[in-house]
Amino acid sequence: MRGSYFYLLGLWVLCACSPTRRLSPGQQLLQAPEVHYAENTAIVNKKAFGDELEALVRPITNNPVKLWVYNLFKEPKKQKGFRHWLKYKIGEAPVLFNSASLNRNRLVLEKHLQDHGYLNAQVRTDTVDQGKKVKVLYEVKADKRYRIQEVYVPEGNTPLDQLTQAHKKESFLKSGEIYRAENLRKERERLTTIATQNGYYGISQNDVYFYVDTLGQVDSLDLYVRWKPNTSATDLQKYRYGQTNIYPTYSLTDTSSQLSDTIEFQDLKIIENFYFVKEALLRRSIRGQTGDLYNGSMENSGLKYLQDLDIFKFINVRTDTRQENGINYLDRSFYLTPTQVRDIRFDFETNTRSGSYLGALTAVTYTNKNQFGGAERFDINLSVGAETQLGTNGRFLNTLEIITGASLSIPKLLLPLHSKYIFKDYVSRTRFSLSNTYQIRTGFFTSNRLSAEMTYDWRSNRRMQHFWTPLSITRNNTLFGDNLEFLDELEENPRLRNLLRGVLILGGQYRFIYSTQEIGKKLPYLYLTGAVELAGNLTNLLANTIGGDSRPHRIFGTPYSQYLKLEADSRYYLQRTDHTWAFRFTGGLVIPYGNSDFVPYSEQFFIGGSLSLRAFRLRQLGPGAYVNPAAQDVNFFDQTGEIKLEFSTEYRFDLYSYLKGAVFVDAGNIWLLNENINDSGEGAFKIDSFYREIAVGSGVGLRVDFNYFVIRLDAAFPLRKPFLNEGLKWTINQLDFLSQNWREENLVWHLAIGYPF
């Protein structure tokens with residue numbers, strides 16, 4: 001009887017799989033387009049270029065899954081309810097063939113070809129009738145690709161012509177290069193920037209145009225750069241900055257209580273109805289002083305700086321021109337609407353693992369973005385994480401971790417030096433932070449980690465951000481518990497004992513972030529970050545000065561650690577309109593030296609959890625093929641390492657409005673550098689065998705994505721995992737989602753805030 005139900009269910013699903021079953025007579029389902037090339041077509045990299053062309057075709061054909069959901073149900077009788085929501089919100093109506101779109105698509109594809117140098121390109125359309133389906137074929141013919149032979153700049157004596165001639169070498173248009181419309185756009189932007197940097201207010205990109213001459217040439221062309229002729233007597237006149245008015249407490253809605261107080265500060269007139277921000281900060285943010293020559297780039301830089309302060313919700317500027325004593329002046333009024341500077345954020349994360357373990361973390365952060373009136377950001381945070389094992393008579397809490405911290409960020413670099421390599425469009429910051437981590441592993445140990453550091457944060461350009469921490473101090477204290485088995489393990493395992501001992505860490509770090517992301521655009525982009533950390537050198541110098549032959553050397557009775565730590569994280573996001581394919585590769589290496597044979601436990605690498613290999617619990621995996629035989633019994637994990645390699649890929653797709661889906665695969669592990677776990681050599685990194693110790697996990701997820709806030713639910717399971725005394729083995733053939741025992745043993749759930757990467 002049960003088999004009959006499955007048979008009927010399968011039959012129903014198969015019937016619903018027909019994508020044309022809901023079409024009316026005469027309607028035809030549009031299939032994905034195909035681009036073909038005529039013989040002797042000169043297209044370079046035809047496969048990639050064909051993909052670009054196919055992506056331009058409209059309308060976009062159906063998502064098979066969404067169309068399948070749509071076809072599952074007949075037309076609902078009511079325009080509401082679950083069935084209507086599922087059919088029209090989760091599902092997607094068939095995209096039908098319409099011959100009127102053929103000519104539009106032909107013109108779009110020809111324009112794209114011409115913009116990439118194929119000026120004589122032609123596109124022919126054809127259709128393949130497949131009954132209730134239609135496929136459109138686009139045949140591309142492009143026999144040659146044009147190159148720029150000569151670039152002619154204006155030879156006139158107007159100021160703009162002379163500027164163009166003076167900056168000719170910086171042009172994006174070069175003789176011998178392939179003609180691309182994108183380079184014309186960049187050249188138009190470059191010339192406009194040069195004009196506005198030299199005081200010519202009101203010049204726009206529409207004032208630059210080009211002549212393209214292909215007459216008498218086979219596969220090359222000449223380009224003529226020209227400025228739009230003057231249309232009035234006020235054109236092409238230089239301007240200087242005049243009066244600057246600032247309204248730092250401007251309200252878009254309540255205008256009755258404004259303009260109550262006016263302050264003169266240097267050459268600024270500040271009009272406000274309550275004190276909000278320091279006058280000196282406004283002077284530093286507003287570029288250009290009275291009498292200075294107008295500079296459009298500098299003007300935009302000041303606006304970006306104001307936005308980056310993150311204390312104004314809206315920034316509007318009004319400009320007025322006037323003439324006085326034969327000089328053209330530009331008067332400016334800045335209307336700045338304050339944002340909500342105080343904020344409280346709550347985060348929550350939970351996960352499960354085999355053995356009925358349940359872990360949860362909750363955090364609260366209070367933020368004031370304008371603590372002292374100078375855009376100083378002050379944060380206080382508290383987080384509490386715990387793990388328990390359900391259904392046992394033992395201790396209720398196995399692990400408890402409490403983290404408290406405070407930080408103050410000042411919007412300038414507290415350094416006596418100034419560098420031309422600091423990007424002025426963004427705010428540079430000096431950050432001071434203090435944090436304390438208190439952790440209880442019930443019955444095993446209690447640790448306390450107190451840290452303080454100072455960090456400089458600046459940008460060298462729009463894509464590159466730098467973080468330099470010249471001073472970081474950490475003090476670790478550990479008290480061992482009364483678990484006799486654990487105390488015996490410490491006696492037998494010197495590595496574990498040294499990892500957990502109290503230690504002083506004094507060092508510094510440099511970290512960078514590089515990103516090609518274009519905010520507001522769905523384009524592929526690259527994200528890179530790397531860090532170098534050195535600890536113990538200054539402490540070692542002090543210890544050598546004080547003297548002492550015992551090793552490890554101590555400072556104020558506490559041994560200090562020396563190590564070099566390297567980390568790298570690379571990510572690539574292939575973004576499209578309704579889906580994203582994300583890739584991540586991370587690696588790390590930490591090397592003890594000098595006064596240390598071991599790296600402190602807090603500085604070692606671990607793997608697993610909601611941001612790593614999601615099929616494994618935090619610190620449940622590695623090092624190498626090692627399996628802790630007592631992990632389930634004593635709830636203690638000696639599973640950290642000095643080497644980490646990790647790879648993840650995740651396909652993210654839209655389901656409905658803010659609801660997104662994901663399918664992911666994670667792989668990686670950690671290893672020990674100079675030692676191993678036991679006599680069998682487990683955990684050590686070996687160049688000829690480490691790849692056989694890569695763990696793999698997969699899973700699916702749901703995300704509620706409000707852009708500024710993401711709630712994530714992931715369900716993950718291992719595909720390759722370590723077995724005691726057997727190493728890592730593939731478990732794909734053991735997948736059994738209907739088995740409760742398999743789910744309890746393998747399925748790991750994560751409920752978290754934000755994307756994993």
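- Looking at heavy atoms from C-beta onward, F647 lies out of side-chain contact with L613 at the 4.5 angstrom threshold.
- Remark: F606 CZ to L618 CG distance equals 5.0 Å, nearest 0.5 Å.
- No side-chain heavy atom of T640 sits less than 4.5 Å from a side-chain heavy atom of F605.
- A heavy-atom distance below 4.5 Å is not found between the side chains of N476 and Y601.
- Checking F653, Y651, Y573 one by one against H579, the ring-ring contact (aromatic ring centres under 6.0 Å, His included) holds for a single residue, Y651.
- Around atom CD of Q740, no more than 12 heavy atoms belonging to other residues, nucleotides or ligands sit under 6.0 Å away.
- Ion pairing of R441 with E387 is absent here, as no side-chain N (NZ or NE/NH1/NH2) approaches a carboxylate O to less than 4.0 Å.
- No donor-acceptor contact under 3.5 angstrom links the side chains of S515 and R463, judged on distance only.
- Side-chain polar atoms of E646 and S612 form a donor-acceptor pair below 3.5 angstrom.
- Using modelled atom types, one finds no donor on one side chain facing an acceptor on the other under 3.5 Å when comparing Q620 with Q639.
- Under the 4.5 Å side-chain criterion, counting only non-hydrogen atoms from C-beta, P524 is in contact with Y572.
- For the salt bridge (Lys or Arg N to Asp or Glu O under 4.0 Å) condition, no pair includes a residue of residues 464-474, sequence neighbours left out.
- Checked by atom type and distance alone, the side chain of S610 never pairs as donor or acceptor with a backbone atom of A752 at under 3.5 Å.
- Around the CH2 atom of W742, the shell of radius 6.0 Å holds more than 12 heavy atoms that belong to other residues, nucleotides or ligands.
- Applying the salt bridge (Lys or Arg N to Asp or Glu O under 4.0 Å) test to pairs two or more places apart or on separate chains, none has a residue in residues 690-702.
- If you look at F717 and F737, their ring centroids are closer than 6.0 Å.
- With a 6.0 Å cutoff to the six-membered ring centre and a 45° limit on the axis angle, R652 counts as a cation-pi contact of F757.
- Between the side chains of N669 and Y691, no donor N or O sits under 3.5 Å from an acceptor N or O.
- Contact between L713 and W749 at its shortest, heavy atoms only, is CD1-CE3, 4.0 Å.
- Using a cut-off of 4.0 Å between Lys/Arg side-chain N and Asp/Glu carboxylate O, D457 and R431 are scored as salt-bridged.
- Side chains of L400 and V384 form a contact here, defined as non-hydrogen atoms less than 4.5 Å apart.
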Residues E92, N62; criterion side chain to side chain donor-acceptor pair (under 3.5 Å); working and verdict: CA-CA 7 Å; E92 181 180 72; N62 285 108; 2.9 Å; yes
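- Between the side chains of T586 and D569, not a single donor N or O lies within less than 3.5 Å of an accepting N or O.
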message: What verdict does the side chain to side chain contact (heavy atoms under 4.5 Å, CB included) test give for I591 and L673, after you've listed the backbone C-alpha separation in whole Å, the side-chain angles of each residue and the deciding distance to 0.1 Å?
response: CA-CA 8 Å; I591 306 172; L673 182 62; 3.9 Å; yes
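- In this structure, a donor-acceptor pair under 3.5 Å is absent between the side chains of T437 and E401.
- A donor and an acceptor atom, one from each side chain of T469 and T455, are located under 3.5 Å apart.
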field: Derivation of the side chain to side chain donor-acceptor pair (under 3.5 Å) call for Q439 and T446
entry: CA-CA 6 Å; Q439 185 182 81; T446 300; over 6 Å; no
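- Of the possible polar contacts, one joining the T516 side chain to the L526 backbone as a donor-acceptor pair under 3.5 Å is found.
- The two residues T731 and P718 have their closest heavy-atom pair at OG1-O, 3.1 Å.
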Identify every side-chain donor-acceptor pair in residues 501-514 under 3.5 Å, counting partners at least two apart or on other chains, and give the distances.
residue	atom	partner	partner atom	Å
R501	NH1	N498	OD1	3.2
Y510	OH	H466	ND1	2.8

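- Between V748 and H750 there is a side-chain heavy-atom pair separated by less than 4.5 Å.
- A donor-acceptor contact closer than 3.5 angstrom links the side chains of R475 and T558.
- Applying the side-chain hydrogen bond (donor to acceptor under 3.5 Å, both in side chains) test to T539 and every residue at least two apart in sequence or in another chain returns nothing.
- Between the side chains of Y755 and D705, a donor-acceptor pair is found at a separation under 3.5 Å.
- Side-chain contact check for F723 versus V627: every heavy-atom pair is 4.5 Å or farther apart.
- For T350 (side chain) and G359 (main-chain N/O), a donor-acceptor pair under 3.5 Å exists by modelled atom type.
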task: Show the numbers, then the answer: is there a side chain to side chain donor-acceptor pair (under 3.5 Å) between N746 and K721?
output: CA-CA 10 Å; N746 294 277; K721 65 179 182 179; 2.8 Å; yes
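- Taking the six-membered ring where the residue is Trp, F480 and F445 present perpendicular rings, their angle passing 60° and hence far from 30°.
- Panel note: side chain S447, backbone L500; no donor-acceptor pair is recorded below 3.5 Å.
- A side-chain donor-acceptor contact under 3.5 Å links N436 and N448.
- For the residue pair R743/N741, the side-chain donor-acceptor check at 3.5 Å is not satisfied.
- Among residue pairs with one or both ends in residues 659-669, those qualifying as salt bridge (Lys or Arg N to Asp or Glu O under 4.0 Å) are R614-D666, D654-K660; sequence neighbours excluded.
- Applying the side chain to side chain contact (heavy atoms under 4.5 Å, CB included) test to L645 and every residue at least two apart in sequence or in another chain returns F585, W671, F690.
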- request: Let me see the working for E349 and R712 under salt bridge (Lys or Arg N to Asp or Glu O under 4.0 Å), right down to the final yes or no.
  value: CA-CA 9 Å; E349 178 179 322; R712 170 168 56 95; 5.8 Å; no
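- Counting only heavy atoms from C-beta outward, the side chains of L719 and Q734 never approach each other to under 4.5 Å.
- Among all heavy-atom pairs drawn from Q604 and V599, the shortest one is NE2-O, 3.4 Å.
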